[in-house]
Chemist: 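Sharing a structure below in structure tokens format, with a few things to ask.
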Number of protein chains: 2
Amino acid sequence: MTNTKRVSARTKLLDAALSIVRRKGFAATSVDELCKEAGVTKGAFFHHFDSKEALGVAAADHWSETTGAMFAAAPYHQIADPVERVLGYIQLRRDLLDGEEAEYTCLVGTMVQEAYTSNPAIRDACKTSIFGHAETLEDDIQAAIVARGLTPDWTAKSLALHTQAVLQGAFILAKASGDRSVAEGMVDHLARYIHLLFSPAKKV
Amino acid sequence: MTNTKRVSARTKLLDAALSIVRRKGFAATSVDELCKEAGVTKGAFFHHFDSKEALGVAAADHWSETTGAMFAAAPYHQIADPVERVLGYIQLRRDLLDGEEAEYTCLVGTMVQEAYTSNPAIRDACKTSIFGHAETLEDDIQAAIVARGLTPDWTAKSLALHTQAVLQGAFILAKASGDRSVAEGMVDHLARYIHLLFSPAKKV
DNA sequence: CAGAGCATACCAACTGGTCGGTATTTATGT
DNA sequence: ACATAAATACCGACCAGTTGGTATGCTCTG
């Protein structure tokens, strides 16, 4: 729709939202604060977004796009064995925990807790982001099931969602403890679970 | 300290906080709203709590006490086999997902996401609640390790925390999707993981 | 000059918090 | 047992600052 020459105020506001909302939550983040961080005025804000709620929806979409592009370009996709590919994804998520300071958490996981009853539009945008990302894992998991000749009593979809649940939960424990390394322990358990599920040493 | 004959305003405010904060988040819950729900006035609020922040800390503590008492009284503790006892806990958590309308989520998991950078006192109270609850599982898991004669490369503590991460993450996915049954799928995966870890069919 | 992009000034509603006062217990002295 | 003093619990009007949102106008570019 818009051309967005240079760095538009809209993009700067969305980036500011990603940063501040992840730290403080959506409700605690004021429009003024967003504008100050982005270096624009309130007039610019309400020129690009009809309301603070609309900014929340746009931020969730923006999050889906940026993270989606990042995971799509990740090298783990080139691993031949589908089981190793799934484990490659989990290893990537583990590596990301050591990333930039306090920039490791998930925007939509944070927002949806505040919005799931009071703000359907934001909740739906968060839902699309989380479940859409899970779908990118589903094919690899299904291929892994076929490759190992399994006939599990669980679905590829449910396991893909389980990985997201573990990651979201790991973020919460990391935030509560103030120590990101505890999250690594959770991800290690997840990797071990995947390993056990697809291990040929299983019988009965 | 206080005797709290009848139903004191303090208790009513804490109960109101449990209800509203879990639905809307801490920042989006106003003091006025809390008072209205509790049926008391602002004077009562600031008589019992120095600030809204102090209410948040007290609510987290209140949450720890009520849920702690509930889990302590649960029948799964009487299961003889420690592995089955751990699975009994997970089954209980699964059953709770079908509980009262929108009353299945965790107060401290919601609050800590908003408070972990901006409010150390609340964050610490949430940390104590989550990690304290995890500790009640640790002994059973350790006993299970001994009972099965395992020498795992993971600790009872890390597995206890992993269960909490799965549950917290399951809440987020349930909120995002508006469907609590997806959370059941995550818990089932957790139960399967526990089963595989302590399964005697494992080798190498 | 038309319209997108943005800035400034402004507003009503709401925010957390204060303050003087009153009702209700509880503690104490006799 | 009873009066009284002293806390404690609670009320509700009020406040200054902040909130999301608006109205208007300037300034570019095509």
Side-chain angles (χ1 to χ4, degrees), chain A residues 1-17 19-21 23-60 62 111 114-115 117-123 125, chain B residues 1-17 19-21 23-60 62 111 114-115 117-123 125:
Chain A
M1 199 73 78
T2 55
N3 53 353
T4 64
K5 205 196 292 186
R6 303 292 172 88
V7 193
S8 71
R10 181 187 160 90
T11 304
K12 284 192 285 188
L13 281 165
L14 288 174
D15 288 339
S19 171
I20 303 183
V21 172
R23 287 205 311 266
K24 309 177 44 174
F26 181 72
T29 301
S30 72
V31 174
D32 280 332
E33 199 175 357
L34 253 3
C35 293
K36 190 182 167 193
E37 171 87 5
V40 302
T41 62
K42 236 174 184 175
F45 186 103
F46 286 100
H47 172 72
H48 288 288
F49 307 103
D50 285 345
S51 63
K52 188 190 174 187
E53 174 183 6
L55 179 271
V57 174
H62 184 60
M111 277 207 300
E114 300 180 71
T117 51
S118 47
N119 204 316
I122 291 181
R123 191 205 56 197
Chain B
M1 203 72 78
T2 55
N3 52 354
T4 64
K5 205 198 291 186
R6 303 293 171 89
V7 192
S8 72
R10 180 188 161 90
T11 303
K12 285 191 283 187
L13 282 165
L14 288 174
D15 288 340
S19 172
I20 303 183
V21 172
R23 286 204 312 268
K24 307 178 46 175
F26 181 72
T29 302
S30 72
V31 173
D32 280 331
E33 198 175 358
L34 253 2
C35 293
K36 190 181 168 194
E37 170 87 5
V40 303
T41 62
K42 237 172 182 179
F45 185 102
F46 286 100
H47 171 73
H48 289 289
F49 308 102
D50 286 344
S51 62
K52 187 190 173 188
E53 174 183 7
L55 179 273
V57 174
H62 184 61
M111 277 206 300
E114 300 180 71
T117 52
S118 46
N119 205 315
I122 292 181
R123 191 206 55 197

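Letters A, B, ... are given to chains in the order of the sequence lines, protein chains preceding strands, and every chain is numbered from 1.
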Chemist: Could you name each residue pair satisfying salt bridge (charged side-chain N to carboxylate O under 4.0 Å, His left out) that touches residues 31-46 of chain A, not counting sequence neighbours?
Modeler: A:Lys24-A:Glu33, A:Asp32-A:Lys42

Chemist: Of all the nucleotides listed (C:dT15, D:dC10, C:dA7), which has the minimum atom distance to the side chain of A:Val40?
Modeler: C:dA7

Chemist: Minimum heavy-atom separation for A:Glu114 to A:Ser118, with atom names?
Modeler: O-OG, 3.2 Å

Chemist: For the pair made of NZ in A:Lys12 and C1' in C:dG5, what is the distance, rounded to whole Å?
Modeler: 11 Å

Chemist: In this structure, how many angstroms lie between the C1' atom of D:dC11 and the CG atom of B:Asp32, rounded?
Modeler: 14 Å

Chemist: Where along residues 52-60 of chain A does a heavy atom come under 4.0 Å from DNA chain D, residue by residue in number order?
Modeler: A:Lys52

Chemist: I want to verify a distance call: between D:dG12, D:dG20, C:dC6, whose nearest atom is closest to the B:Thr41 side chain?
Modeler: D:dG12

Chemist: Starting at atom NZ of B:Lys42, determine the distance to atom C1' of C:dC19, rounded to an integer number of angstrom.
Modeler: 13 Å

Chemist: Rounded to whole angstrom units, what separation is found between the CZ atom of B:Arg10 and the P atom of D:dC11?
Modeler: 16 Å

Chemist: Sorted by first residue and then second, give each salt bridge (charged side-chain N to carboxylate O under 4.0 Å, His left out) pair with at least one member in residues 45-57 of chain A; sequence neighbours left out.
Modeler: none

Chemist: Using a cut-off of less than 4.0 Å, is there contact between a side-chain N or O of B:His48 and OP1 or OP2 of D:dC10?
Modeler: yes

Chemist: Taking the nucleotide of DNA chain D with the nearest heavy atom to each, does A:Thr29 or A:Gly43 sit closer to the 5' end?
Modeler: A:Thr29

Chemist: Just to verify, what does B:His48 make a side-chain hydrogen bond (donor to acceptor under 3.5 Å, both in side chains) with, not counting sequence neighbours?
Modeler: none

Chemist: How many whole angstroms separate atom CZ of B:Phe45 from atom C1' of D:dC14?
Modeler: 18 Å

Chemist: Could you tell me which residues satisfy ring pair (Phe, Tyr, Trp, His ring centres under 6.0 Å) with B:Phe45, sequence neighbours excluded, listed by chain and number?
Modeler: B:Phe49

Chemist: Show every ring pair (Phe, Tyr, Trp, His ring centres under 6.0 Å) that has at least one partner inside residues 23-44 of chain A, sequence neighbours left out.
Modeler: none

Chemist: Go nucleotide by nucleotide along DNA chain D from the 5' end; which of A:Phe46 and A:Glu33 gets its closest nucleotide reached first?
Modeler: A:Glu33

Chemist: From C:dG17, D:dG21, C:dG5, pick the nucleotide closest to the side chain of B:Ser51?
Modeler: C:dG17

Chemist: Would you mind reading off the distance between B:Asn119 atom CG and C:dG16 atom P, rounded to a whole angstrom?
Modeler: 13 Å

Chemist: Using a cut-off of strictly less than 4.0 Å, decide whether A:Ser30 has a side-chain nitrogen or oxygen near OP1 or OP2 of D:dT18.
Modeler: no

Chemist: Can you check the A:Phe49 CZ to C:dG5 P distance for me, whole Å?
Modeler: 12 Å

Chemist: Quick check for you: among D:dG21, C:dC6, D:dA13, whose closest atom lies nearest to any side-chain atom of A:His47?
Modeler: C:dC6

Chemist: Would you mind telling me which of B:Leu14, B:Leu13, B:Asp15 makes a side-chain contact (heavy atoms from CB on, under 4.5 Å) with B:Thr11?
Modeler: B:Asp15

